[in-house]
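Here's the structure, in structure tokens; my notes come after.
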2 protein chains.
Amino acid sequence: MPPFDMGRVRDLNAHADINPCGACPVRSLTVCAALEVEELRRLAEILQTVRHEAGHTIFAEGDPAETLYNVTAGTMKLYKLLPDGRRQITGFLLPGDFLGLSVNDTYAYSAESVTPVTLCRFPRRRMDALLEEFPKMQRRLFSMASNELAAAQDQMLLLGRKTAKEKICSFLMMLSQRAQRRGHKENPVHVPMSRADIADYLGLTTETVSRTFTQLKTSRVISLLEGNKVQIHDMDQIFDLAEGA
Amino acid sequence: MPPFDMGRVRDLNAHADINPCGACPVRSLTVCAALEVEELRRLAEILQTVRHEAGHTIFAEGDPAETLYNVTAGTMKLYKLLPDGRRQITGFLLPGDFLGLSVNDTYAYSAESVTPVTLCRFPRRRMDALLEEFPKMQRRLFSMASNELAAAQDQMLLLGRKTAKEKICSFLMMLSQRAQRRGHKENPVHVPMSRADIADYLGLTTETVSRTFTQLKTSRVISLLEGNKVQIHDMDQIFDLAEGA
DNA sequence: CGGATGCTTGATCAATTTCAAGAGGGGTGG
DNA sequence: CCACCCCTCTTGAAATTGATCAAGCATCCG
């Protein structure tokens with residue numbers, strides 16, 4: 001725990017005012033990819049850039065959903081809890097991912113930073129107005145939601161039907177592919193989240209996650225490197241292991 | 001298996017031509033709820049109504065996604081398979097539900113009828129054009145996708161973290177609530193799907209599903225009635241059982 | 001009736017969890 | 001700078017939930 005809460009909102013609009021979106025490194029990945037320069041300017045008017053330390057709760061399940069967010073740097077996790085504390089992480093968000101969609105004006109899940117993060121905040125009312133005005137953005141958001149839905153279905157298959165080993169291999173593949181889409185190299189995969197987070201994402205315990213990593217290491221499928229990196233020795237093999245083939 | 005395939009497409013446009021949407025019983029639940037009379041007429045021009053017997057595969061994972069569907073009667077299931085045949089049902093669809101959203105022009109899951117069903121078919125190209133023209137419909141579709149996303153996250157919590165008993169109770173509650181939203185009575189719940197389907201939806205085996213039903217019956221939480229109906233004796237109790245509280 | 005299919009029940013098995021303890025690593029304070 | 005503490009990760013042993021294997025039973029249909 002840091003000596004004081006670095007996780008509070010810090011307004012970076014001093015920089016944002018100049019050109020918050022034009023230079024955005026993840027623009028092509030997210031909802032803003034659909035927009036022209038002038039439209040980007042309008043979007044920039046309503047957004048606020050904030051930073052948070054690792055482990056900061058951005059919002060909790062049930063909170064009124066007044067803000068939409070776009071991750072521009074760092075990793076986030078979304079999760080739901082049962083009354084007795086059991087936790088399911090429903091997704092990890094990387095730069096370019098969107099969060100804050102709500103059903104009945106409250107968030108359906110909690111959101112917390114895994115690493116230090118930078119976020120764009122969009123007030124929902126103003127964002128709704130803008131979506132009305134720019135159907136292209138609306139369509140882009142819809143397409144992103146469709147992708148998320150497909151990912152959610154993959155995750156259901158994983159949670160309901162895969163073994164611990166298949167789950168871990170699927171997880172590593174997913175991280176690798178997402179890194180690649182963001183222009184990073186696919187192979188040593190950066191795994192910034194804890195064993196406990198991985199466990200709660202895959203429906204396992206931390207012990208099983210740890211044991212499975214050791215097992216994959218022992219059978220020369222992966223190596224654990226410095227700095228939370230995982231080296232995958234054979235991409236095709238891990239792909240097969242991920243589906244039990 | 002019926003002696004010949006009753007599951008083939010049968011065009012009911014003889015009826016549909018008259019007033020396919022105006023009298024539609026599920027209009028208020030689905031994407032069409034957003035539309036005015038004139039817009040409905042335009043939608044009716046591009047749709048085709050089809051019926052299928054129980055057990056008919058509408059499309060398979062990986063097929064080119066050329067059609068969107070709306071369920072107007074009956075129950076459908078969506079599922080994904082692993083190479084060795086393990087199956088995860090990602091959702092059951094009831095009247096008013098939508099299916100066929102795709103990511104990269106192919107379906108991300110297979111769709112099969114559980115009971116006899118009636119579907120509205122929308123050619124994707126023409127539907128896209130109409131969505132362009134009617135932003136209200138676009139927004140309605142987006143809102144439906146958001147709801148599905150929230151449901152998918154609930155299902156991840158169920159698959160990853162709930163016990164067999166909690167899963168079955170959650171399942172019964174879900175069916176009860178969805179029936180209620182459709183104007184049916186919430187309590188004897190109609191459960192048209194097989195034990196095998198329930199198992200593949202909840203990440204269990206048929207044996208465990210069967211045993212859990214027996215256990216709930218023995219402990220007087222539910223009764224199994226004629227015609228695939230389940231009587232829930234205490235709604236509050238089953239709600240608590242569904243979350244382990 | 002006969003056969004098929006789906007559902008239930010029983011007995012055993014195994015994957016994963018739970019319980020327990022120790023090792024590694026980073027930061028803090030003496 | 002070192003010692004300590006805390007936290008995460010790993011490893012081991014035992015326990016348990018749900019899976020697997022194996023019959024019966026019921027129901028539906030021809």
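Within every chain, numbering begins at 1; the chains are lettered A, B, ... in the order of the sequence lines, protein sequences first and strands thereafter. Quantities reported herein were computed from a predicted structural model and do not represent experimental measurements.
When rounded to the nearest whole Å, the span between CZ of B:F213 and P of C:dC7 equals 10 Å. As a whole-Å value, the separation of A:R86 CZ from C:dT18 C1' is 14 Å. The distance between atom CD1 of A:I198 and atom C1' of D:dC9, rounded to the nearest whole Å, is 11 Å. As a whole-Å value, the separation of A:D84 CG from C:dT18 C1' is 15 Å. Between the CG atom of A:L202 and the P atom of C:dT17 there is a distance of 11 Å, given to the nearest Å. Nucleotide D:dC7 holds its C1' atom 14 Å from the CG atom of A:N228, rounded to whole Å. Following rounding to the nearest Å, B:L224 (CG) and D:dA26 (C1') show an atom-to-atom distance of 14 Å. Across the protein-nucleic acid pair, A:D197 atom CG and D:dT8 atom C1' stand 12 Å apart, rounded to whole Å.
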Close N or O pairs between protein and nucleotides 27-30 of chain D (under 3.5 Å):
none

Polar pairs (N or O, both sides) under 3.5 Å between protein and nucleotides 17-23 of chain D?
unit_1: D:dG18; atom_1: OP1; unit_2: B:A164; atom_2: N; d: 2.9
unit_1: D:dA19; atom_1: OP2; unit_2: B:T205; atom_2: N; d: 3.4
unit_1: D:dA19; atom_1: OP2; unit_2: B:T205; atom_2: OG1; d: 3.1
unit_1: D:dA19; atom_1: OP2; unit_2: B:T208; atom_2: OG1; d: 2.4
unit_1: D:dT20; atom_1: O4; unit_2: B:R211; atom_2: NH2; d: 2.8
unit_1: D:dC21; atom_1: N4; unit_2: B:E207; atom_2: OE2; d: 3.1

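Side-chain contact check for A:Q153 versus B:E61: every heavy-atom pair is 4.5 Å or farther apart. The shortest distance between side-chain heavy atoms of B:Y79 and B:D197 does not fall below 4.5 Å.
Scored by the salt bridge (Lys or Arg N to Asp or Glu O under 4.0 Å) test, B:R181 finds no partners at all (sequence neighbours excluded). For B:R195, there are no salt bridge (Lys or Arg N to Asp or Glu O under 4.0 Å) partners, not counting sequence neighbours.
In this structure, the separation between OG1 on B:T205 and CG on B:D200 is 9.5 Å, given to the nearest 0.5 Å. Here the straight-line distance linking atom OG of B:S210 with atom CD1 of B:I198 works out to 10.0 Å at 0.5 Å rounding.
Evaluation of the ring pair (Phe, Tyr, Trp, His ring centres under 6.0 Å) test over residues 210-245 of chain A, restricted to residues two or more places apart or in two chains, returns none.
Between B:F59 and B:Y107, the two ring planes are parallel [angle under 30°; tilted spans 30° to 60°].
Residue contacts shown for B:T214 are limited to sugar-phosphate atoms, with no base heavy atom under 4.0 Å away.
When atom types are taken as modelled, the side chain of B:T115 and the backbone of B:G74 share no donor-acceptor pair closer than 3.5 angstrom.
Salt bridge A:D154/A:K162: absent, no basic N to carboxylate O contact under 4.0 Å.
For the helix from C:dC1-D:dG30 to C:dG30-D:dC1, the angle separating the two terminal helix axes comes to 30°, with each axis derived from five pairs and the value rounded to 10°.
Under 4.0 angstrom from either OP1 or OP2 of C:dG6 there lies no side-chain N or O belonging to B:T206.
Side-chain contact check for A:N70 and A:T72: no donor-acceptor pair (N or O, by modelled atom type) lies under 3.5 Å.
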